[in-house]
Amino acid sequence: MLDLGQKLKFLRSKQKSKQQEIVEGICSVSYYSKIENGNVVPNEEILQLLAQRFGISVQELVQTDEAMSDEVVREAEDIYNLIKENQTAAEEVYQLFLEKYKNSLDPGMKLLISLVQLRFALRFSTRAEAEEKFQEVEDLQEYGNLKVMPLFNRVCGLYHYVTGNYDAALDLYLGLANSLNYPYKADIHYELSLVYNRKGNIYKSIQHLETALNKYLQEMNYDQCTVCYFLLGINYYKMNNFDEALDYYYRIEKVIKGDTNLLRKVYHNMGLAFEKKKDIEKAIAYYQKSLSVSEDEKYNMKTIEGLAELYLRIKNREKAAHYILKGEAIANKPGLEEHAIKFHVLRLQLNEVDIKEYLETVAIPFFEKRNETEILIQYNVLLSNYYSQNKQYKQAYFKIKNALDMKGGI
């Protein structure tokens with residue numbers, strides 16, 4: 001609960017005013033500073049003048065804001081969880097929440113609102129909008145209390161995860177995992193598993209996934225159990241344990257109902273696993289299954305890329321050309337620049353054109369900015385092969401060394 005001094009400080013910060021500007025004609029700067037620091041209580045006349053200066057009533061200035069109750073924090077946490085489950089319902093509840101608390105002058109409440117807005121922006125808005133909301137949250141952080149800080153950790157942890165700052169995400173999530181009374185432990189262990197997966201610590205990722213899975217089973221949250229199976233499949237794939245990965249994907253295939261998005265991903269990943277097992281026939285079959293599940297071309301891009309790369313590798317130029325052309329047509333649409341670059345690299349390989357300049361000036365710099373290690377490894381290997389074929393062995397060595405160094409961090 002904020003005292004008068006904290007509320008005055010917040011209102012002044014909101015106006016971007018200095019203490020001298022606020023107190024002109026009211027009292028001395030030193031006296032006002034003591035009010036903000038909670039060292040003195042002003043009289044009625046000063047309170048009235050300060051309220052007028054901020055454009056509010058005395059009652060609004062001195063009232064105890066009960067908004068930050070356990071109930072309202074639960075409302076915000078419910079919105080966080082609903083966003084994952086039902087977009088339409090989440091949008092409705094989100095708008096009601098904003099309307100209900102829009103007039104609150106309590107900066108702690110403003111922090112809670114900004115956290116909900118940041119969570120919403122991370123799911124439905126652009127990166128720029130999310131960054132703007134995160135800055136609002138950062139500016140209001142000092143007004144947080146024990147009730148709101150768990151949600152702060154969770155939302156900001158998600159922000160750092162989405163923006164690739166995995167160490168910062170880890171610190172925030174671990175704080176919640178170690179908290180005795182936090183009610184969403186299963187979700188936090190799942191989110192920790194995602195962070196460790198991105199950091200390349202597969203053992204830790206599996207460890208947290210198993211903890212999350214056990215908790216979800218106790219809660220009979222079978223949808224989240226399925227999601228855990230999916231990530232376990234990804235982890236075992238990264239460990240080159242393709243049979244274990246496929247086992248988890250088969251489990252999902254047996255129980256999944258109606259979630260075409262997850263099924264599309266499952267079939268794509270099964271195609272990857274069979275490709276690694278050198279079972280080309282099954283790899284192609286599951287890639288095709290993935291394409292058949294969803295008609296949304298945007299979400300099929302990775303599978304189309306996978307088929308184009310596979311056919312290039314087995315020297316089926318006709319099929320490779322078919323999928324490259326298909327991918328290029330889709331990748332010309334706005335927001336698909338990364339796929340346009342990938343298909344251009346494949347086109348250069350298909351046409352047996354010099355790929356060095358494009359990789360070094362366009363493709364690699366683009367994915368370095370995005371910190372996408374897997375594709376960077378692939379392109380460094382391509383460059384190493386190029387240099388070796390042209391008897392430039394020193395350059396070939398450095399490119400393959402780059403690839404090996406990046407693999408060491410995966």
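- What you find for Glu129 and Ser125 is that their closest heavy atoms are OE1-CB, 3.0 Å.
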| task | Start with the C-alpha distance between Glu21 and Lys18, add both sets of side-chain angles, then the distance that settles salt bridge (charged side-chain N to carboxylate O under 4.0 Å, His left out), and finish with yes or no. | result | CA-CA 5 Å; Glu21 297 169 318; Lys18 295 180 179 179; over 6 Å; no
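- Between the CD atom of Glu45 and the CG atom of Leu47 there is a distance of 10.5 Å, given to the nearest 0.5 Å.
- Two residues are said to be in side-chain contact when any heavy atoms from C-beta on lie closer than 4.5 Å; Gln19 and Ser33 meet this criterion.
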| request: Please report the C-alpha distance between Glu372 and Tyr379 in whole Å, then the side-chain angles of each, then the deciding distance to 0.1 Å, and finally whether the side-chain hydrogen bond (donor to acceptor under 3.5 Å, both in side chains) criterion is met. | output: CA-CA 11 Å; Glu372 295 194 20; Tyr379 286 169; over 6 Å; no
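- Figure legend: Arg154 and Tyr184 shown as a cation-pi pair, the cationic atom lying under 6.0 angstrom from the six-membered ring centre and within 45 degrees of its axis.
- Listed here is the closest heavy atom pair of Tyr190 and Ala212: N-CB, 3.7 Å.
- Heavy-atom contacts from other residues, nucleotides or ligands closer than 6.0 Å to NZ of Lys84 number more than 12.
- Annotation: side chain of Leu272 is in contact with side chain of Asn269 (closest heavy-atom distance under 4.5 Å).
- A parallel orientation is assigned to the rings of Tyr159 and Phe134, their planes being inclined by less than 30° (bins at 30° and 60°).
- Side-chain atoms of Arg264 do not come within 3.5 Å of backbone N or O of Ser292 as any donor-acceptor pair.
- Of the possible polar contacts, one joining the Asn178 side chain to the Leu174 backbone as a donor-acceptor pair under 3.5 Å is found.
- Checking side-chain atoms of Asn221 against main-chain N and O of Leu217 turns up no donor-acceptor pair under 3.5 Å.
- Salt bridge annotation for Arg74-Glu71: absent, with no cationic side-chain nitrogen under 4.0 angstrom from a carboxylate oxygen.
- Within the 4.5 Å cutoff, the side chain of His322 has no heavy atoms near those of the Tyr311 side chain.
- Side chains of Tyr166 and Asp171: no donor on one and acceptor on the other come within 3.5 Å.
- The two residues Tyr216 and Asp187 come nearest to each other via the heavy atoms OH-OD1, 2.5 Å.
- Ring centroid separation for the pair Tyr358 and His344 comes in under the 6.0 Å cut-off.
- Side-chain atoms of Tyr323 never come within 3.5 Å of backbone atoms of Leu310 as a donor-acceptor pair (strictly under, hydrogens ignored).
- In this structure, Asn235 contributes its side chain and Ile202 its backbone to no donor-acceptor pair below 3.5 Å.
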| When you look at Glu338 and Lys342, which way does the salt bridge (charged side-chain N to carboxylate O under 4.0 Å, His left out) test go after all the steps? | CA-CA 6 Å; Glu338 66 171 292; Lys342 291 176 181 178; 3.6 Å; yes
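- Summarising the local packing, CD of Glu132 is surrounded by 12 or fewer heavy atoms from other residues, nucleotides or ligands at distances under 6.0 Å.
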| request: Would you sort out whether Arg12 and Glu36 count as a salt bridge (charged side-chain N to carboxylate O under 4.0 Å, His left out), showing the intermediate values? | output: CA-CA 10 Å; Arg12 181 170 60 81; Glu36 277 199 0; 2.7 Å; yes
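- The shortest distance between side-chain heavy atoms of Val227 and Leu231 does not fall below 4.5 Å.
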| field | Asn332 and Glu328: CA distance, side-chain angles, deciding distance, side-chain hydrogen bond (donor to acceptor under 3.5 Å, both in side chains) verdict | value | CA-CA 6 Å; Asn332 284 329; Glu328 286 172 332; over 6 Å; no
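- Counting heavy atoms of neighbouring residues, nucleotides and ligands inside a 6.0 Å radius, atom NZ of Lys185 exceeds 12 of them.
- Asn380 places a side-chain N or O within 3.5 Å of a backbone atom of Leu376 that can act as its donor or acceptor partner.
- Under a cutoff of 6.0 Å and an axis angle of 45°, Arg119 and Tyr80 form a cation-pi pair.
- A side chain to side chain contact (heavy atoms under 4.5 Å, CB included) with Leu359 is found for one member of Ile355, Val362, Thr361 and no other, namely Ile355.
- The shortest heavy-atom contact between His160 and Ala169 is CB-N, 3.7 Å.
- Between Tyr249 and Phe230, the ring planes are tilted. Angles from 30° to 60° get that label.
- Counting heavy-atom neighbours within 6.0 Å of Lys9 NZ, excluding the residue itself, gives a total of 12 or less.
- Looking only at distances, a side-chain donor or acceptor of Ser388 sits under 3.5 Å from a matching main-chain atom of Ser384.
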| said: Set out, in order, the CA-CA distance, both residues' side-chain angles and the distance that settles side-chain contact (heavy atoms from CB on, under 4.5 Å) for Val255 and Tyr229, then state yes or no. | reply: CA-CA 11 Å; Val255 301; Tyr229 289 150; 5.7 Å; no
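- Side chain of Asn214 to main chain of Glu210: a donor-acceptor pair is present (N/O by atom type, distance under 3.5 Å, no hydrogens or angles).
- Listed by chain and number, the residues in a ring pair (Phe, Tyr, Trp, His ring centres under 6.0 Å) with Tyr32 amount to none (sequence neighbours excluded).
- Looking at every heavy atom in both residues, Ile188 comes nearest to Tyr182 through CG1-CE2, 3.5 Å.
- No side-chain donor-acceptor contact under 3.5 Å links Ser205 to the backbone of Asn201.
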| task | Using the side-chain hydrogen bond (donor to acceptor under 3.5 Å, both in side chains) rule, take Gln87 and Glu91 through it: C-alpha gap first, then chi angles, then the decisive distance, then the call. | result | CA-CA 6 Å; Gln87 178 176 344; Glu91 287 176 346; 3.3 Å; yes
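- Aromatic pair Phe274/Tyr286: ring centres closer than 6.0 Å.
- The closest donor-acceptor contact from the side chain of Asp354 to the backbone of Lys356 lies under 3.5 Å.
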| side-chain contact (heavy atoms from CB on, under 4.5 Å) between Lys289 and Met270: does it pass, once the steps are laid out? | CA-CA 10 Å; Lys289 270 190 170 187; Met270 292 176 81; over 6 Å; no
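- In this structure Phe124 satisfies the ring pair (Phe, Tyr, Trp, His ring centres under 6.0 Å) test together with Phe120, sequence neighbours excluded.
- Taken from CZ in Arg251 to CG in Leu246, the straight-line distance is 12.0 Å, to the nearest 0.5 Å.
- For the residue pair Cys156 and Leu115, the shortest heavy atom distance occurs at SG-CD2, 4.4 Å.
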